Number of protein chains: 2
Amino acid sequence: MQTHFTIDCVIYSFNEGKLQVLLTERNEYPYKDWWALPGFFVDKSEEMEGAVKRILYEHTGLKDIFMEQLGAFAGVKRHPQGRILTVAFSTIVKYEDVKSKIKPTTSYMRQARWFPIDALPELAFDHNQIIQQSLQKLKYTINYSTAVYEFLPEKFTLTQLQQVYEAILGKELDKRNFRKKIANDGFLKELQEVQKGVSYRAARLYKFDKRKFQKHIGVA
Amino acid sequence: MQTHFTIDCVIYSFNEGKLQVLLTERNEYPYKDWWALPGFFVDKSEEMEGAVKRILYEHTGLKDIFMEQLGAFAGVKRHPQGRILTVAFSTIVKYEDVKSKIKPTTSYMRQARWFPIDALPELAFDHNQIIQQSLQKLKYTINYSTAVYEFLPEKFTLTQLQQVYEAILGKELDKRNFRKKIANDGFLKELQEVQKGVSYRAARLYKFDKRKFQKHIGVA
DNA sequence: AATATAGTGTGTATTTTTTACACTATTAAA
DNA sequence: TTTAATAGTGTAAAAAATACACACTATATT
């Protein structure tokens with residue numbers, strides 16, 4: 001009648017032109033030595049949102065990050081010790097921002113590491129399936145969410161933005177049409193600033209303007 | 001560390017030009033005498049999908065119906081007895097098909113009844129919130145799912161189909177444009193048959209062709 | 001038999017959105 | 001100064017979405 005209840009986190013970033021997922025190496029049975037999504041048990045009387053924050057921090061070292069619910073996975077056979085219901089959440093972080101911060105603070109996990117989404121190992125439990133479902137949702141909502149901007153630094157070039165789109169959708173886009181669409185959406189702010197330190201023509205930098213985005217979407 | 005775990009069902013139908021939701025009147029504390037979504041506890045070692053089927057049957061009398069997951073709701077305060085995690089599911093049934101079958105077979109609920117979505121009572125727990133979230137998703141996915149056809153009998157008129165769209169979206173649509181869109185989609189089969197027993201020009205009947213729909217969507 | 005009723009069924013012009021496609025400009029390094 | 005690498009830009013064609021009004025037909029009523 002009662003069940004254990006866990007949270008699992010699908011954490012995305014963008015690096016080296018690829019969509020990456022953060023995985024942890026388990027140091028405990030079951031699935032000791034396997035790679036898995038960062039995740040753990042929720043405490044009694046702990047709000048789910050609070051548990052997500054805590055688990056994210058303990059398993060990856062990351063803090064102050066909003067996570068969105070994907071859904072519940074409750075197969076009786078998904079865990080060898082009998083049914084453990086997990087609620088999967090996902091989020092997106094900026095690779096450079098978190099680079100130095102990623103370090104599990106629990107001994108349940110040995111290490112945390114990024115894997116490109118197209119080269120994931122076989123994961124513990126049903127975690128491969130959770131990631132696939134999450135990716136589907138990301139693709140599906142890309143044009144109606146702020147997701148792509150969460151991968152990028154505050155100031156970014158249009159080419160970087162296009163690369164994020166391409167990494168998520170898994171296909172190439174036409175540069176001119178892409179820029180036309182972005183210009184038409186009209187929620188980027190063009191800065192009076194260009195890239196530095198590149199050995200070719202420097203690209204203009206842009207910022208995402210959340211206020212304009214919300215107007216565009218027709219905020220709830 | 002362990003929690004109770006329930007399923008709640010958002011069951012839609014279309015009747016009298018309106019989108020309807022099936023609710024049950026509780027016969028047990030807490031929230032005795034309140035209206036609520038059909039729902040109950042999942043047994044230990046019971047697959048979630050099986051529990052959904054069982055609970056749906058016990059609380060509404062309905063059988064053999066596929067339900068889609070909406071998500072987990074786990075607020076510590078959502079249930080007066082402490083956190084009870086619920087996973088919400090939704091489905092759509094044909095009003096006429098189920099009309100005579102709806103009857104709870106458990107004494108936990110006194111009766112089950114349809115309510116128009118725009119005239120719901122205040123519900124037990126966080127059930128109003130669950131319905132709102134579910135409705136959002138229904139609107140959002142209307143054009144990429146078979147949802148609308150699940151409201152209708154096997155053979156239906158274009159006007160009936162349009163009314164279902166209008167009930168879900170909560171706004172009126174232009175008849176000619178609607179028909180153009182449907183014709184263009186091309187996954188309805190036009191029958192050599194018309195409505196019977198109407199006191200005005202009889203409308204042509206159509207069937208939904210799932211195979212053509214899947215081609216159109218680009219089936220996974 | 002005439003008529004009222006109620007919903008069916010249809011087309012076109014306009015605007016908007018999407019797609020396809022290729023060259024010049026700028027910068028740093030060699 | 002040349003080369004290498006990426007930035008930045010426009011137009012035409014096709015497709016999709018929108019706005020809009022009237023004649024048709026089956027039945028019920030008188």
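All values reported here derive from a predicted model rather than from experimental measurement. Reckoned from all heavy atoms, side chains included, excluding hydrogens, waters and symmetry mates. Order of the sequence lines fixes the chain letters, A, B, ..., with proteins taken first and strands second; residue numbering starts at 1 for each chain.
- Contact annotation for A:T159: backbone-only contact, meaning every heavy-atom pair under 4.0 Å involves sugar-phosphate atoms and none involves a base.
- Residues A:Y108 and A:F40 place their aromatic rings such that the two centres sit under 6.0 Å apart.
- No close placement of the A:Y95 and A:F14 rings is indicated, their centers lying 6.0 Å or farther apart.
- Between A:F208 and A:F213, the gap from one ring centroid to the other is short of 6.0 Å.
- If you find the closest nucleotide of DNA chain C to B:S199 and to B:R204, the one lying nearer the 5' end belongs to B:S199.
- Residues from residues 188-198 of chain B lying near DNA chain C, meaning a heavy-atom separation below 4.0 Å, are absent.
- In this structure, B:Q163 places its CD atom 13 Å from C1' of C:dT8, rounding to the nearest Å.
- In this structure, the OH atom of B:Y200 is 11 Å from the P atom of C:dA6, given to the nearest Å.
- Of the options B:K155, B:Q192, B:E193, a side-chain contact (heavy atoms from CB on, under 4.5 Å) to B:R204 is made by B:Q192 and by none of the others.
- Between A:K94 and A:E154 there is no salt bridge, since no side-chain N of the basic residue sits under 4.0 Å from a carboxylate O of the acidic one.
- For residues 164-184 of chain B, proximity to DNA chain D is found at B:D174, B:R176, B:N177, B:K180, defined as any non-hydrogen atom under 4.0 angstrom from a strand atom.
- Under a 4.0 Å N-O distance rule, the pair B:R26/B:D33 does not qualify as a salt bridge.
- Not a single donor-acceptor contact under 3.5 angstrom links the side-chain atoms of B:R201 to the base of D:dT25.
- Heavy atoms from other residues, nucleotides or ligands lying under 6.0 Å from NZ of B:K189 number 12 at most.
- Residue B:Y149 is tested with B:I92, B:D209, B:V164, B:L188 for a side-chain contact (heavy atoms from CB on, under 4.5 Å); the sole match is B:L188.
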